[in-house]
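Computed from a predicted structure; not experimentally measured. Throughout, protein chains are lettered first and strands after them, A, B, ... in sequence-line order, and every chain is numbered starting at 1.
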Number of protein chains: 2
Amino acid sequence: MNRIQHTRESLIAMLRRHDVNPTHQRIEIAYALFGHGAHLSADQIMARVNGRHSETSKATVYNTLNLFLEKQLIREVIVDPNKVFYDPNTEPHYHLYDADTGELTDIDASEVTISGLPQLPAGVVTEGVDVIVRVRSRLR
Amino acid sequence: MNRIQHTRESLIAMLRRHDVNPTHQRIEIAYALFGHGAHLSADQIMARVNGRHSETSKATVYNTLNLFLEKQLIREVIVDPNKVFYDPNTEPHYHLYDADTGELTDIDASEVTISGLPQLPAGVVTEGVDVIVRVRSRLR
DNA sequence: AAGAGGAGTTAGACACAGTCCAACCGTTGC
DNA sequence: GCAACGGTTGGACTGTGTCTAACTCCTCTT
């Protein structure tokens with residue numbers, strides 16, 4: 001996995017490239033998301049951003065995440081009924097979800113091929129194909 | 001698509017086969033789910049069951065859906081961040097989700113092949129593979 | 001027939017993710 | 001200095017889903 005080193009400057013440049021005004025809070029949130037390549041939920045991001053003292057409000061976190069989504073900086077991963085994960089990796093790839101630990105891992109798309117998907121009706125545009133491999137680690 | 005005709009008796013038999021005590025409410029909910037082959041959310045099921053007069057409480061609907069899940073009568077489909085769909089079809093198959101209409105359609109699994117999924121770590125058991133083709137019908 | 005017991009159901013309170021809104025803040029331009 | 005505007009904020013609000021303690025219904029026993 002190619003982990004990129006993100007400096008404050010490279011993050012700002014990235015925001016600018018995606019037409020996002022780099023404010024203090026947005027840089028903090030971008031740092032939380034891109035700093036570690038992990039998949040985080042909104043509340044985990046809040047916790048990271050407000051680590052020492054509370055600095056950024058819940059509204060801003062949600063506003064920013066939705067802005068990042070819109071501007072295609074990040075991706076939404078819907079695997080758990082009670083929280084959405086945000087994925088800093090926008091390259092096409094798939095996911096492995098462990099329902100017991102709640103951990104979400106990437107699967108490289110280049111290794112996987114899907115064939116035989118049906119023709120879509122006219123006027124319909126594909127947004128993407130999500131593949132989620134669901135596993136359990138704990139015995140039951 | 002093979003649509004099966006469900007009589008009250010066949011539903012009761014089905015519940016029994018899956019080790020579920022067939023009470024009045026459970027039969028009603030099973031009827032709502034299996035009567036039409038559609039994917040419904042909990043509130044849609046509530047609306048169907050309580051069509052004329054309110055008969056079944058929210059708690060019972062959720063209890064029953066979770067019981068059905070546990071007993072493998074139905075499957076959960078997580079595609080929308082703010083509601084879970086319940087799928088009466090437990091055969092392996094995939095889904096097409098239209099984010100604009102909120103409609104969820106089946107894709108026959110026999111036509112689709114996925115190859116190249118990575119080896120899983122030891123002690124981890126695959127629960128299933130979800131494939132969701134996300135589309136938009138509305139122009140933006 | 002009466003009562004005990006257990007499974008199932010219920011209303012309503014609750015938990016929690018996410019949205020909305022109106023007030024506020026900070027920067028820029030004049 | 002001050003207007004304007006984008007961004008942020010707390011707090012109220014919404015909607016799914018869970019919890020709980022009381023209640024109903026059915027069956028079994030005597």
| task | Can you tell me the distance, in whole Å, between the CD atom of B:Q44 and the P atom of D:dG15? | result | 15 Å
| task | Output yes when at least one side-chain N/O atom of B:S57 is less than 4.0 Å from OP1 or OP2 of C:dT10, else no. | result | yes
| query | Do the side-chain N and O atoms of B:N89 and B:H39 include a donor-acceptor pair separated by under 3.5 angstrom? | reply | no
| message | To check you understand the geometry: which heavy-atom pair defines the closest contact between A:Y31 and A:H6, and what is its length? | response | CE1-O, 4.4 Å
| task | Please report, rounded to the nearest Å, how far the C1' atom of D:dG7 is from the CD atom of A:E70. | result | 15 Å
| field | Under 3.5 Å side-chain donor-acceptor pair for A:H93 and A:D106 | value | yes
| Letter per nucleotide, 5' to 3', of nucleotides 16-30 of chain C [B base touched, S only sugar-phosphate touched, - untouched; heavy atoms, 4.0 Å] | -SBBB----------
| said: Any heavy-atom pair between the side chains of A:I74 and A:D87 that's under 4.5 Å? | reply: no
| request: Determine whether A:N21 and A:R26 make a side-chain contact, defined as any pair of heavy atoms from C-beta on separated by less than 4.5 Å. | output: yes
| Rounding to a whole Å, what distance do you find between A:K71:NZ and D:dG7:P? | 9 Å
| note | Given the options A:I27, A:L67, A:I12, A:V20 meets side-chain contact (heavy atoms from CB on, under 4.5 Å) only with A:L67
| task | Taking only the side-chain nitrogens and oxygens of B:T23, find out if one of them lies under 4.0 Å from OP1 or OP2 of C:dG8. | result | no
| task | Send over the distance from A:Q25 CD to D:dG6 P, rounded to a whole Å. | result | 17 Å
Table of protein N/O atoms under 3.5 Å from nucleotides 25-29 of chain D N/O atoms:
none

| request: Apply the test side chain to side chain contact (heavy atoms under 4.5 Å, CB included) to residues A:L117 and B:E111: give CA-CA distance (whole Å), side-chain angles for both, the deciding distance (0.1 Å), then the verdict. | output: CA-CA 7 Å; A:L117 285 179; B:E111 297 176 2; over 6 Å; no
| CD (A:E103) with more than 12 external heavy atoms under 6.0 Å | no
| remark: In whole angstroms, the gap separating C1' of D:dT18 from CG of B:L67 amounts to 16 Å
| In whole Å, what is the span from the CZ atom of B:R26 to the C1' atom of C:dA7? | 8 Å
| said: Distance check needed: D:dG7 C1' versus A:L65 CG, whole Å only. | reply: 15 Å
| said: Under a 3.5 Å threshold, yes or no: a donor from one side chain and an acceptor from the other, between A:Y97 and A:D80? | reply: yes
| said: In this structure, how many angstroms lie between the C1' atom of D:dG17 and the CD1 atom of B:I78, rounded? | reply: 13 Å
